[in-house]
2 protein chains.
Amino acid sequence: MKEQRYSQQRERIYQVVQASREHPTAQMVYDALRPELPKLSLGTVYRNLQQMAAEGRLTQLDGPVARFDAMLAPHTHLCCASCGQVVDGVLPYDAALDRTAVAEGWTITGHSLIFTGICPACAGK
Amino acid sequence: MKEQRYSQQRERIYQVVQASREHPTAQMVYDALRPELPKLSLGTVYRNLQQMAAEGRLTQLDGPVARFDAMLAPHTHLCCASCGQVVDGVLPYDAALDRTAVAEGWTITGHSLIFTGICPACAGK
DNA sequence: GTAGCTGCAAACCTTTTGCGCGAAC
DNA sequence: GTTCGCGCAAAAGGTTTGCAGCTAC
């Protein structure tokens, strides 16, 4: 395992993901930081998000474009089919499911429960 | 709504997705059809998969690369974290969840339950 | 004859990567 | 001083799109 050094950029990227409630994409993080770090590179954002996801410091949400979540406690998500926004769900994550889902030979490490629907903003269009 | 015409390509694309149990990607469908339809274009595969997904004739599975499923009955999926393969899960889909998950102002249309783990093939590496 | 669909190729967007310089230790 | 991280730019997927010709109706 490689030694990891402090970097201002990584800390700010993490803070942006943590402060946001919208599970930002790499591009969103980049845009959010551009005003204060004008020299920031999008490649750096990707590198750090991926690194923190690998460490388990962030969770990566699959989708057409990857989103990141700093809330590590398992929970569910709601995804709007119209605008693509993702918000946290109210239903708790049921870890017991992982035990009942075992299939022949598989080792289950977790699950993701994503509800699809229309968000309030898009419903009124 | 636009009128839709029959096309040999679309039918074969659908049949490939339906016949496969691996939830193929566009590229996989393309490769599968190349021998019999050498002039087939990857763009045509994408266009038709997307069109059938929009119609509800296929389901699109999110991920780093999009996969398609012709099994419309709700069910769960197992995704291998190592090789990325997706297989159908044994646990039935619980439609009742959609009613309990309602958040302020949202209209829920369905949900996706994806288990992550290691498949038998990758476990033995 | 009139749309719709195809094949082809270019464009797009997201994500990854190679490299030389600057920063952390 | 050594190693790691950054910024930059190019490359690498995956997916979409414009267009001219062919096809279903």
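These numbers come from a predicted model, not from an experiment. Chain A is the first sequence line, chain B the second, and so forth, proteins listed ahead of strands; every chain is numbered from 1.
Among the atoms of the strands shown, only primed sugar atoms or phosphate atoms (P, OP1, OP2) are found under 4.0 Å from some heavy atom of Ser7(B). When heavy atoms are screened at a 4.0 angstrom cut-off, Tyr6(B) is found touching the sugar-phosphate backbone but no base atom. Contact annotation for Ala26(B): no contact, since no heavy-atom pair falls under 4.0 Å across all strands.
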task: Walk me through it: do Gln4(B) and Gln51(B) pass the test side chain to side chain donor-acceptor pair (under 3.5 Å)?
output: CA-CA 10 Å; Gln4(B) 179 168 318; Gln51(B) 179 184 317; 2.8 Å; yes
Step-by-step side chain to side chain donor-acceptor pair (under 3.5 Å) determination, Arg12(A) to Gln15(A): CA-CA 5 Å; Arg12(A) 292 297 296 125; Gln15(A) 287 165 18; 2.4 Å; yes
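We find that Glu22(B) and Arg67(B) are not joined by a salt bridge, their nearest charged nitrogen and carboxylate oxygen being 4.0 Å or further apart. A salt bridge links Glu11(A) to Arg57(A): one of the charged nitrogens lies within less than 4.0 Å of a carboxylate oxygen.
Ile13(A) has its CD1 atom 11 Å from the C1' atom of dG5(D), to the nearest Å. dC25(C) atom P lies 8 Å from atom CD of Glu3(A), rounded to whole Å. We find that CD of Gln50(B) is positioned 8 Å from C1' of dT16(D), with the value rounded to whole Å. dT17(D) atom C1' lies 15 Å from atom CD of Gln51(B), rounded to whole Å. Atoms CZ (Arg10(B)) and P (dG7(C)) sit 12 Å apart, rounded to a whole Å. Protein atom OH of Tyr30(A) is 17 Å distant from nucleotide atom P of dT16(C), rounded to whole Å. Between Leu40(B) atom CG and dC5(C) atom P there is a gap of 15 Å when expressed in whole angstrom units. Atom-to-atom, CG of Asp62(B) to P of dT15(D) comes out at 11 Å; the value is rounded to the nearest Å.
Side-chain atoms of His23(A) come within 3.5 Å of backbone N or O of Val86(A) as a donor-acceptor pair.
Along DNA chain C, the nucleotide nearest to Asn48(B) and the one nearest to Gln60(A) differ in position, and the one closer to the 5' end is contacted by Asn48(B). Place Pro64(B) and Arg5(B) on DNA chain D by their nearest nucleotides, and Pro64(B) ends up nearer the 5' end.
The base of dT16(D) does not come close enough to the side chain of Arg47(B) for any donor and acceptor atom to sit less than 3.5 Å apart.
Among dC5(C), dG7(C), dT15(C), the nucleotide with an atom closest to any side-chain atom of Lys39(B) is dG7(C).
When the side-chain nitrogen and oxygen atoms of Tyr46(A) are compared with OP1 and OP2 of dT16(C), none of them lie within a distance under 4.0 Å. Listed pair Gln9(B) / dG7(C) meets the phosphate criterion, a side-chain N or O lying under 4.0 Å from OP1 or OP2. Considering only side-chain N and O atoms, Thr44(B) lies under 4.0 angstrom from the phosphate OP1 or OP2 of dG7(C).
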